[in-house]
Amino acid sequence: MILEFIFLLTGVQSIILKFKVQPGQQQCIKDSVSQNTLVYGNYDASSSVYNFTLSIIDQEDQESIIIEYSDGINEQFHYVMEQSGEIAMCFEVDDFADVTIFNLFYESGAEIYDQDILAKKQHVLNLNETLDTMEQLQQDISREQLLIVDRENNRKHSFNDIQTKIIGFAGITFGLLIIVAACQVIYVRRFVVYKKLA
């Protein structure tokens, strides 16, 4: 049994569906889409024993499968219509599988004229993430450089303090040596004078 949902609304539309598919059966969701319209969707399944196809039926009723997934728990799909027609999203569960629950999100109607725009959008998102990471790294490097400069300044101040203390200690030692030498000269003179008088 094929369950078909027909969406004939124009403009941007989105749907969220939750449905069950019995073993050996198929359910299809269909939508009429105009040329240069982006269709996007993602879904998750409670089982991995199924087959998903995204088909296009053109105005001559020729059907062609453009995307096919199987055995995935969570998948996404997108496509830009090259010409007006009908798309069919079909979920078929294997005969020996359990009842499978699907959660589908689908939207269409964003008309675009560049088929690479979705990939470009994804690249832009990736670039934004890369730029954020690079900016964070730059901030970390700047902080590390500031810490290095601070450490160097602290070392310089410590070196200057130690140098000042060494110079001060040398000055005091030299002064004490002069005082001791002067005292010895005075003592020797007095000793000589005392010996002469004696």
Side-chain angles (χ1 to χ4, degrees), residues 9-19 29 31 33-50 52-54 66-82 87 89 91 100-185:
L9 297 175
T10 59
V12 177
Q13 66 178 6
S14 63
I15 59 167
I16 298 176
L17 291 176
K18 181 176 183 178
F19 54 93
I29 296 96
D31 187 17
V33 183
S34 60
Q35 185 179 10
N36 295 322
T37 299
L38 169 69
V39 294
Y40 169 82
N42 62 60
Y43 66 88
D44 58 71
S46 63
S47 170
S48 61
V49 189
Y50 71 93
F52 168 79
T53 56
L54 178 64
I66 56 172
I67 296 174
E68 187 170 6
Y69 294 133
S70 60
D71 302 336
I73 298 298
N74 190 302
E75 297 286 355
Q76 66 178 7
F77 57 89
H78 54 81
Y79 185 73
V80 178
M81 296 292 289
E82 296 176 359
I87 65 165
M89 297 164 281
F91 299 84
T100 304
I101 300 173
F102 293 94
N103 293 298
L104 171 67
F105 171 78
Y106 164 77
E107 63 182 351
S108 68
E111 292 193 359
I112 59 174
Y113 299 93
D114 182 359
Q115 296 189 19
D116 296 330
I117 193 165
L118 190 68
K120 289 178 182 175
K121 182 178 179 182
Q122 185 62 39
H123 289 312
V124 168
L125 291 175
N126 292 339
L127 285 175
N128 286 337
E129 292 177 2
T130 304
L131 287 175
D132 290 341
T133 304
M134 290 176 66
E135 185 178 357
Q136 184 65 37
L137 287 173
Q138 182 182 7
Q139 291 175 357
D140 292 341
I141 290 171
S142 297
R143 279 195 294 268
E144 188 65 28
Q145 286 177 339
L146 289 175
L147 289 173
I148 290 171
V149 170
D150 288 339
R151 283 197 293 266
E152 289 298 322
N153 287 334
N154 290 335
R155 288 176 185 169
K156 186 176 179 181
H157 290 310
S158 299
F159 177 76
N160 289 336
D161 290 342
I162 292 171
Q163 188 178 18
T164 302
K165 289 177 181 177
I166 291 173
I167 292 172
F169 180 74
I172 292 171
T173 304
F174 187 67
L176 288 174
L177 287 174
I178 291 173
I179 292 170
V180 170
C183 290
Q184 286 179 343
V185 169

So, taking the atom named CD in Gln136 and the one named CD1 in Ile141, what distance separates them when rounded to the nearest 0.5 Å?
11.0 Å

Can you tell me how the ring of Phe91 sits relative to the ring of Phe19, calling it parallel under 30°, perpendicular over 60° and tilted otherwise?
perpendicular

Would you say that more than 12 heavy atoms from the other residues, nucleotides or ligands in this model lie under 6.0 Å from the CD of Gln139, or not?
yes

If we only count heavy atoms from C-beta on, is the Ile172 to Phe174 side-chain gap below 4.5 Å?
no

Separation of Ile166 CD1 from Asp161 CG (nearest 0.5 Å)
11.0 Å

Short question: side chain of Gln76, backbone of Gly41 - any donor-acceptor pair under 3.5 Å?
no

Interatomic distance, CD1@Ile16 vs CD@Glu107, rounded to 0.5 Å, equals 9.5 Å

Side chain to side chain donor-acceptor pair (under 3.5 Å): which pairs involve residues 141-152, sequence neighbours left out?
Asp140-Arg143, Glu152-Arg155

Can you label the angle between the Tyr40 ring and the His78 ring as parallel, tilted or perpendicular, going by 30° and 60°?
parallel

Thr53 OG1 to Ile67 CD1 distance, which is reported to the nearest 0.5 Å
10.0 Å

Check against side chain to side chain contact (heavy atoms under 4.5 Å, CB included), Ile101 and Lys18
CA-CA 7 Å; Ile101 300 173; Lys18 181 176 183 178; 3.8 Å; yes

Rounded at 0.5 Å granularity, tell me how far NZ in Lys165 sits from CG in Asn160.
12.0 Å

For Phe77 together with Phe52, are the ring centres under 6.0 Å from each other?
yes

If we ignore angles and hydrogens, is there a donor and acceptor under 3.5 Å between the side chains of Asp31 and Tyr106?
yes

Any chance you could measure Leu17, atom CG, to Leu104, atom CG, to the nearest 0.5 Å?
5.5 Å

